[in-house]
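Okay, so here's the structure we're looking at.
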Amino acid sequence: MKRIATIQDISCLGKCSLTVALPIISATGVEAAIIPTAVLSTHTMFSGFTCKDLDDQIIPIAEHWKKEGFEFDAFYTGYLANAAQVDKVISVINSLKTDKTKIIIDPAMADNGKMYPAFDSDFPKEMAKLCSIADIVLPNITEACFLTGTEYRETYDLDFAKEVMKKLADNGAKTVVLTGAAFDGKYGVLWYESETDMFRMYEQERLDASFHGTGDIFSSAFTGSLIRGLSFESSVAIAAEYTAECIRITKNTPDANWYGVDFERAISYLVERIESDQMLLD
Ligand code: PXL
């Protein structure tokens with residue numbers, strides 16, 4: 001079985017980071033090992049959240065894995081507790097990666113033009129260091145702007161998106177996947193492969209709702225699908241449609257929680273998409 005090591009926080013309640021990455025990666029038929037970066041009572045959109053960083057556990061967990069001889073098909077990183085964790089995560093990846101290991105970085109730190117509450121304006125510079133070693137980086141437009149020192153624009157056109165994505169590739173990431181790309185009346189996922197200098201877009205219907213945690217849902221479904229063995233294009237399509245399905249279901253639920261989507265009720269949709277794409281490959 002393929003194995004992903006995912007490095008992000010445990011928000012004990014809030015349907016984001018590890019509480020969604022674990023079930024979603026499992027649903028894609030891939031083993032998920034974890035290095036938790038912090039334990040929070042909730043995600044940081046709640047007021048009064050508690051947070052205990054696990055700075056002193058990151059390296060020891062990796063050293064034990066190394067001693068045991070574990071190998072990983074991918075490292076997939078998300079929310080880190082602080083800027084100092086970047087160097088630790090880079091050293092974990094460098095110590096455990098092999099020729100086949102994909103490095104997938106979701107620079108979870110900002111949305112809608114604003115940094116998440118726990119981070120200051122110096123954080124993007126550190127996160128950019130982590131993105132520089134990525135095979136695939138998965139930012140939203142706010143993160144892409146902040147990582148590249150580009151002024152954030154609430155509305156933008158394709159040329160602007162391309163410029164920011166190329167800057168991220170110049171920083172070292174081999175492929176840049178812009179999630180929630182919205183320009184010129186189009187909506188979907190836009191990606192840039194530096195090796196071929198090609199942009200591609202997966203277009204989808206823009207849903208009139210936005211929920212917290214959908215970036216983590218997209219990244220987890222994409223990473224799981226890709227490591228399961230599906231093509232890049234199929235992995236983007238499955239992750240985009242699964243995320244949209246989660247939003248649709250949640251929108252239609254009268255007592256839905258504000259803090260996250262009901263991704264659980266679309267798990268069967270995800271499994272069926274993965275199995276049918278896998279069958280085409282077998
Ligand atoms: O969904 C990204 C995320 C992950 N972890 C924590 C967060 C957030 C976004 O706010 O606060 C703790």
Side-chain angles (χ1 to χ4, degrees), residues 1-28 30-46 48-68 70-97 101-111 115-119 123 126-127 129-131 133-134 137-138 143 212-224 227 259-261 263-264:
M1 186 182 265
K2 297 284 177 68
R3 179 189 292 129
I4 293 169
T6 182
I7 306 178
Q8 46 186 318
D9 74 282
I10 301 175
S11 287
C12 296
L13 190 150
K15 299 201 195 195
C16 69
S17 42
L18 284 177
T19 60
V20 304
L22 278 167
I24 291 173
I25 293 169
S26 301
T28 65
V30 175
E31 177 183 348
I34 64 168
I35 300 184
T37 55
V39 180
L40 296 91
S41 51
T42 61
H43 61 57
T44 60
M45 298 297 124
F46 286 85
F49 61 88
T50 68
C51 179
K52 165 83 180 137
D53 72 64
L54 296 174
D55 288 1
D56 63 355
Q57 294 302 303
I58 293 173
I59 301 282
I61 291 170
E63 282 174 348
H64 183 215
W65 288 355
K66 178 114 185 157
K67 234 196 239 153
E68 294 287 331
F70 289 119
E71 291 187 356
F72 298 90
D73 297 285
F75 279 94
Y76 154 40
T77 76
Y79 186 99
L80 305 184
N82 53 58
Q85 287 190 347
V86 166
D87 282 341
K88 293 187 171 71
V89 170
I90 291 173
S91 119
V92 165
I93 293 173
N94 284 336
S95 139
L96 285 166
K97 72 174 186 202
T101 308
K102 284 231 175 329
I103 302 170
I104 301 175
I105 310 292
D106 179 346
M109 62 176 195
D111 205 1
M115 293 297 290
Y116 292 152
F119 303 131
F123 188 78
E126 281 306 297
M127 184 54 95
K129 265 169 62 183
L130 184 53
C131 293
I133 66 162
V137 62
L138 302 160
E143 290 159 345
H212 198 72
T214 49
D216 297 347
I217 286 169
F218 177 89
S219 296
S220 301
F222 168 77
T223 303
I227 299 309
Y259 57 78
V261 289
F263 71 95
E264 303 88 339

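Computed from heavy atoms alone, side chains included, the values below leave out hydrogens, waters and symmetry copies. Residue indices begin at 1 and follow the sequence shown.
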### Task
Kindly indicate, with the supporting measurements, whether the criterion side chain to side chain contact (heavy atoms under 4.5 Å, CB included) is fulfilled by Leu80 and Leu130.
CA-CA 11 Å; Leu80 305 184; Leu130 184 53; 4.1 Å; yes
### Query
Who pairs with Tyr259 by ring pair (Phe, Tyr, Trp, His ring centres under 6.0 Å), at least two apart in sequence or on another chain?
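Scan of Tyr259 (ring pair (Phe, Tyr, Trp, His ring centres under 6.0 Å), adjacent residues dropped) gives Phe46.
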Determine yes or no for a side-chain-to-main-chain donor-acceptor pair under 3.5 angstrom, with [X] supplying the side chain and [Y] the backbone.
| X | Y | result |
| --- | --- | --- |
| Thr6 | Leu22 | no |
| Ser220 | Ile25 | no |
| Asn82 | Gln85 | yes |
| Glu126 | Ala84 | no |
| Thr42 | Phe49 | no |
| Asp73 | Arg3 | yes |
| Thr77 | Ile105 | no |
| Asp216 | Ser17 | yes |

### Task
Given side chain to side chain contact (heavy atoms under 4.5 Å, CB included), test Ile7 with Phe75 step by step and report yes or no.
CA-CA 8 Å; Ile7 306 178; Phe75 279 94; 4.1 Å; yes
Please report the closest heavy-atom contact between [X] and [Y], naming both atoms and the distance.
| X | Y | value |
| --- | --- | --- |
| Leu96 | Trp65 | CD1-CE3, 4.0 Å |
| Thr28 | Gly224 | OG1-CA, 3.3 Å |
| Met127 | Pro107 | CG-CB, 3.7 Å |

Kindly compute the distance separating [atom1] ([X]) from [atom2] ([Y]), expressed to the nearest 0.5 Å.
| X | Y | atom1 | atom2 | result |
| --- | --- | --- | --- | --- |
| Asp87 | Ile58 | CG | CD1 | 11.0 Å |
| Ile35 | Gln8 | CD1 | CD | 11.5 Å |
| Ser95 | Ile90 | OG | CD1 | 13.0 Å |
| Thr37 | Asp53 | OG1 | CG | 9.0 Å |
| Phe119 | Met109 | CZ | CE | 8.5 Å |
| Ile4 | Thr223 | CD1 | OG1 | 6.0 Å |

### Task
Enumerate the residue pairs fulfilling salt bridge (charged side-chain N to carboxylate O under 4.0 Å, His left out) with a member in residues 10-19, sequence neighbours excluded, ordered by first and then second residue.
Lys15-Asp262, Lys15-Glu264
### Message
Under a 4.0 Å threshold between the charged nitrogen and the carboxylate oxygen, would Glu63 count as salt-bridged to Lys66?
### Response
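No, this pair does not count.
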### Message
Would you say the rings of Phe222 and Tyr76 are close, in the sense that their centroids are separated by under 6.0 Å?
### Response
no
Does the side chain of [X] reach to within under 4.5 Å of the side chain of [Y], using non-hydrogen atoms?
| X | Y | answer |
| --- | --- | --- |
| Ile104 | Ser219 | no |
| Tyr116 | Asp111 | yes |
| Tyr79 | Ser11 | no |

#### Entry: Residues Glu71, Thr101; criterion side chain to side chain contact (heavy atoms under 4.5 Å, CB included); working and verdict
CA-CA 8 Å; Glu71 291 187 356; Thr101 308; over 6 Å; no
### Task
Go through Cys12 and Val39 one step at a time and tell me if the side chain to side chain contact (heavy atoms under 4.5 Å, CB included) criterion holds.
CA-CA 7 Å; Cys12 296; Val39 180; 3.6 Å; yes
### Query
Does Lys102 NZ have over 12 foreign heavy atoms under 6.0 Å away?
no
